[in-house]
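For reference, the structure is listed below as C-alpha cells.
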Amino acid sequence: MNNLGLIISLVLIAGGLIWLLVRSLSGREVERPIIFIFMGVAVSVPLLFNITFSEKATPIVKAVFDKVEYLPEGSRVLISFDYGPSMAPEVQPMSDAFIRHCLAKNHKLFLMGLWATGQSLNADAVERVIKREFPEKVGGVDYVNIGYKAGSQGVLNVIITDFRKLYATDVDGRDLDSLPIFQDIKSLKDMDLLLSVGGGFPGVKEWVQFAGDPGNVPTAGGSAAVTTPLMYPYYPRQLVGLLGGIKGAAEYESELKKHYPQFDKMPTPGVAMMGPQTLAHLMVMAFIVVGNIAFFLGKKRDS
Amino acid sequence: MSTARRTSLIILAAVIILFLVSWFAKFSAVQNTGAPFGISVRDGFYITLAAFCSLAIFSFLYKDNPYYKFAEHLFVGISAAYWMCVGFWSTFVGNFIPKVSRTLSDFFEVPFKSFDIFYFIPLILGILLLLRLSNKYGWLSRWSLAFIVGTTAGLNLIRYLRSDFISQVSNTFVPLVVDWEGIDAFFSDFSLAANGQFIMILGNWVVFIGVFCGLVYFFFSKEHKGFFGTASRVGVWVLMITFGASFGYTVMGRVSLLVGRLTFLFGDWLGLID
Amino acid sequence: MKEILMVFLALLLAGGISSAGAQESAPPPDTGTLVVTPAPAPPAPVTNLNAKDKPNDHGAGVVVTWTPSADDVVGSTRVFGYAILRAATPEGPFLERGKVPIGEGVFEDQGSLDEVSPDYMADHVDYYYKVRVISPDTTVYADSEIFGPVQCFGQWFNTNKLPVLIFVLCFTTLAIFFITHARRGAELYIRPLAGIEAVDEAIGRATEMGRPILYVLGLGTAAEIATIASFTILGRVAKKVAEYQTGIIVPCYDPIVMTVAQETVKASYLDAGRPDAYNEDMVYFVTQSQFAYVAAVNGTMLRELPATNIYMGKFFAESLILAETGALAGSIQIAGTDEVAQIPFFVVACDYTLIGEELYAASAYLGREPVLLGSLKAQDYAKAAIMIMAVIGFVAAIVGWDWYVNLFNVPSN
Amino acid sequence: MKRQIPLALVFIFGVILIIQYFVPHEKSEWIFEFLMDWIYIIGIFALALGIWSLIRVSWDKIRLRRENWQYSVVALLGLTAMIFFGFDYFRNFFNAAGLQNFMFRHFFDYVMIPIQSTMFSLLAFFIASASYRAFRARSLLASLLLLAALIVMIRFNPYFGPLTAYLEQTASWLLNVPNLAAKRAIVIGVGLGIVATALKVILGIERAYLGKD
C-alpha cells in the first residue's frame, strides 16, 4: 500500500509537472481550475485510498525510538499523559505509539497523568490499545495505570523519592504492594525511562526539571507543535529526544512499522494525517518550481 | 429554447435527482442504525443538504454559477438573521432587559437584576442611531457614533500603547552575548541546533538588527538614502523572508481545513472512509 | 501568571479530592497485612508571616508572604504545599483561602467585591491570617502563628502603570508640538508610498475601462483604528471617483461601519460637487458573518468585474480568498492592513500592499493636511526613541540594570 | 452644533477611557463595564440598521428586476425564515425558544456551518494558485519571499534523506528568529500608528468618519 501510494503520488506529481511545464512553455499561463484540480486530487487521493508516506525519522525522534528499542527487555518505562481531550488528536498518536512499542519490547509499563482534564485518557488507552492489541499482557504484572493525582510538579517532587507517599493504589483500587509490577519499585528513580506526552503545563518541561534531572533518569517525550520549540533547548542534554506535533508522531509510527512487522495493521493516525499534508506541500512546491521555470524560459525568449 | 438554457436545465435536473438519491441513501443508512422513521428521513435530508451546500461552494472554484449564487445568497440571508437573533437574545434580552424592566424580564423569562437608570442611555443612543433613516434628523445618529468611536479610541490608545508598544520594546531587551564561556566553547557548539551558543547569540543579533532595520523602513519623514536607505533595505529583506516563511507555514493549517471538509464529504456523506 | 493559576486550581482540586478521600481511603479491610506506621513528625512551620493590602487593585485583595518551612527542600517529601487560612477574629474560625505548591512564599488572597458572592471580602475590615504547612499525609501539618489585623481597600492610581502614563504624556506632547508646528506652515517631507501613488492611477484606469471600484473596509468595527484610517482613505478615493464619474461599490461587514461609510462617501461626493451622483446603494450591508461576507464579495467581484479592488482595514483569514478571487477577475489590487498575520497573503497576491503602519501613514499622506502629517513626524520621533531605548536595553541586559528593564514591565490589565 | 457635540462626545469618552486605565478602584471598573455594555446594546440597533439595508438593497434588486434578482429572493427567504425561527419565542411552532429553536439550530448546523467551513477550506486551493502565480523570482525581494516559503514547506517532503534535519532546523530558525524580528518591527509601528490615530480622533483632528455638513 505504501509503495502504491508512493507510485501514485509520484505519477501525479510528475504528470502535474509535465502538464504544467508543457502548457507554460507554449506561452500559456496555466488556468486556475487546473491548479485547483491538482490540489483537490493531492488532498483527496491520500484520504480516499489511505495513501501514506514512510516518514523518515529525524534524529530527535529517532533518539526516542532508539532509547526504547535498545533498553533491555523488561525495563521499566513510565508514560505520563499530560494532555486533555482538546489536544488529544495531536498527541494521542504519540502515547499510543509509545505504549505499543514498549509492550512489543516486553518492557514494564507504568501509566500516569498530571492533567485533571486528561484523567480518563490513560484509562481509555488501556482499553483501546493494551487490552485489545495485547490481550496476553496482564494488568499489574506487565503494565499498571496509577492514574492522575493533583499537584503538578509537586507530585513529581514527591514520587521522585517515594511513589507510596501519594499513591496507595492503582486506578482499579489495588494496593500497590499487592502488584507484582511494583515489587521493587520505590520511586521514579527506579524507572529506566520517563516518557511525557503533553501539550502544555505541566508537561515535558516539568518532567525534565522535577524528575529527569534531579533523579538522573533518562527523559523523553512528545509535545504539541505549538510548544515544541520551547522544548528544543533541553535536547540533547536533558531530553533524550522529542516528538514534535503530528509530524513527530508520524515519524515514530513509521519507525515502529519498519521495525515491527506485527504492527503492519495498526492504526497510524499520525501517518494518516500526514499523507494529504505531504502531497499537498509537494504539489504547492511543484507549482512554484514550474512557475519559475516557465518564467525564466519566457524571459529568455523575450530577450 | 437555447442550448445554454437546455444545458443548465439538464444540470439542474441532475442535481435534483442526485439530491433525492443521496437523501434516500442516507435515509436508509440512518435507518439501518435503528433510528425511527421520522428521524431517519430528517437526518438523511440534513446531511444531504449540508453536502450539497458544501459542493455548491466548491463549484465556485470552477467558475461563478447559479449553485454558488444560490448558496451564497442563502448563506448571507441566514447568517445576517443568525447574528441578529444571537444579538437580540444574548445582549438585548440577556443584558439589557434585566436591568430596565421587571415586566419585560418576566415576559422573556430572564431573572430580573435591579433597575438601572443608566441603561436608558444606550437605549437612547441606539434610537438616535436609527434616526439615520430620517433625512431630517439623520445627523443625530452621529452622537451615537461619536460615543462608540470615542470610547474605543481611548481604549485602543491605551491597549496598543501597552501591549504592542511598551511590551514589545521591552521584549527586545535581550543580551547580545549569552552565557559567554570563552571563544573555544563558542566554536565547539557550532551547530544550527536551537540551543547552540552560536545560534543563540546569532539569533539575538538577528532579532536586534531586524527590529532596528524594520523600524527604519517605517520612517516616513526621512528620505531612504545613505545609511537610512541601506538599513531600510535590510529591513525590507527581513520582512520579505518573514512573509515567505509565514506563507509557507500556513499551508499546513489550510490543508487541514480542506482535509476536514473532504472527510465530511467522503466519510459522513458518501461513507467511503471511516 | 496563567500557569500559577493552573497550579492553584489544580491544588484547589487536590484539596477537594484529598480531603474528601481522606475518610474513604482508610485501610481497606480485605488487605490483611497492613503495616501501621507511626504518624510522622509534622514539618517545620513557616516563619516571617506577613500580610498587607494588595497594592494597585480595586480592593478585596490581601497579599500574604512568608518564609517557606525549613523542611521545604529539594528531595524532601515532608512538605507537600502550603494552605493559607483566614479568619475575621484571631480566635477563628479559620477558613482555607487557597493552597500553593512547595517552594513558594507568596499568596494573593483575592476575594470578591460582590456582596452576594460567597467569596465576598469587605474593604476596611480586619482580617487575620495563618499559613499551614501540609504534608502528603493530610492529618499531619504545622500551623504558623496568626498574623493580623490587616485590611484591604481599593486604590485610585495604579503605580505599576506609571510608565504607560509617562509614555502617553510624552507622545501626546510630541504629537501636539508637531501638529502645531505643521499648522504654522512648516514644510514636512513624507516619503512616497507606492500603494498610495497607485490609487490615483487605479481610479484613472477604472474610468477608462468604464468599470467600478470595489472598496472593502475589512472586518473591523467602526471603532477599530484601522477602520478609521480606512475611512479617511475611502473619503479620498470616493472624491476622486466622483470627480472622474466612475462607480464605487462598498460592501460592509459591520452595520456601524456601513453607516459611517455612507456618511464618508456622501461627504466626498458633496466635496467633489456631485451630490446628485451619490446613491445610498453604493454602500451597503452584507452580513456580519465572516465567510458569508467573503462569499458575497467574491460573487460581486466576478459579476461586476471591478477595475480595482482596494482592501483597507482589518482582515483575517479571508484576505487570501478575496485577493485571489480579485486577481482571477483581473482587477488591480491595492491592500493595506495592520493585521500582521495577514500581511504575507496580501503581499503575495496583491499588486500593492501597505504594510502595517503604512496604512496609518496613508491616511495622513492622502489628506495632505499639515495636522495629519504632523503626527507622522511624531511617530517617527517615537520610533527613534524606541531604537535608542532598545540600544540602552541591550546594555542594560548585559550590565544587569534590572530597574531599566522593569520600567517596561507593565501589568496586563 | 451638528459637528461640535459629536466631537465633544468623542473627546470626553476618549479621555474617560484613558483615565480609567490608570485607576484600579472599584468605581472605575464600574464605569468601564457600563461603557462596554452600552456599546453592545447600541450594536443591536446598528444591526437592525444593517438588516434594513440588506432588505432594501435586495428588495430594490427584485423590484427593478436587476440581474440575478432571483437570488435576492433566496437571501430574503433565508433571512425571514431564520428571523422567524430565531424569534419564535412563544413556542407557537416548535418546542424550544429563540436560539434553542429546533429549526434555528438546524439551519445553523446544516447550512451555515457547512458553507462556512467550505468557504474557509477554499483557502487550501487559493494558497496553491497564489504560490503558482506570485512566487516567481522576478527580483531580489521576490526571490527572498520564494526561498523562505520553499524552505519552510520542504519540511513536509519525506524524500530528502539526511538533509531533512538541516532543513527542519533552518525552517524553525526562520520561523523563530527573523520572523520574530519582522513581526516585532511591524507591531511596534502599528502600535504607534494606532496610538497616533486614536489621539488624532480624540483631539478631533481625524474626523472623516463623521462625514460632512
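Order of the sequence lines sets the chain letters (A, B, ...), proteins ahead of strands, with each chain counted from 1. The analysis underlying the following values was restricted to heavy atoms, covering all of them including side chains, and did not include hydrogens, waters or symmetry mates.
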Parallel under 30°, tilted from 30 to 60°, perpendicular over 60°: which one fits the rings of B:W89 and D:F87? tilted

Turns out that what part of D:L175 lies under 4.5 Å from chain B's heavy atoms comes down to side chain

Quick one: what part of D:L146 sits under 4.5 Å from any heavy atom of chain B, side chain, backbone, both or neither? neither

Can you tell which part of D:L76 gets under 4.5 Å to a heavy atom of chain B, answering side chain, backbone, both or neither? neither

Part of D:F11 within contact of chain B (heavy atom distance under 4.5 Å): neither

Can you confirm whether or not the ring centre of D:F107 sits under 6.0 Å from the ring centre of B:Y82? no

Could you look at D:Y71 and say if it's the side chain, the backbone, both or neither that has a heavy atom under 4.5 Å from chain B? both

Between D:Y110 and B:Y46, what is the ring plane arrangement, given parallel below 30°, perpendicular above 60°, and tilted in between? parallel

Identify which part of D:N68 has an atom lying under 4.5 Å from any heavy atom of chain B, answering side chain, backbone, both or neither. side chain

Gap separating the CD1 atom of D:I127 from the CG atom of B:L257, nearest 0.5 angstrom: 10.0 Å

Answer yes or no: is there a side-chain heavy-atom contact under 4.5 Å between D:L79 and B:I78? no

Go through the atoms of B:L49 and report whether side chain, backbone, both or neither lie under 4.5 Å from a heavy atom of chain D. both

Could you tell me which portion of D:F108 (side chain, backbone, both or neither) has an atom closer than 4.5 angstrom to a non-hydrogen atom of chain B? side chain

Under 4.5 Å from any heavy atom of chain B - which part of D:L54: side chain

Which bit of B:L123 comes within less than 4.5 Å of chain D, counting heavy atoms only: side chain, backbone, both or neither? both

Pick one of side chain, backbone, both or neither for D:V201, based on which atoms fall under 4.5 Å of a heavy atom in chain B. side chain

Report which part of D:Q70 has an atom under 4.5 Å of a heavy atom belonging to chain B: side chain, backbone, both, or neither. neither

D:W30/B:F118 aromatic ring centres below 6.0 Å: yes

Using non-hydrogen atoms and a 4.5 Å limit, figure out which bit of D:L140 sits close to chain B: side chain, backbone, both or neither. side chain

Going by atom types only, do B:Y119 and D:D37 share a side-chain donor-acceptor pair under 3.5 Å? yes

Please look at D:V10 and chain B and tell me whether the side chain, the backbone, both or neither of the residue comes under 4.5 angstrom of a heavy atom of that chain. both

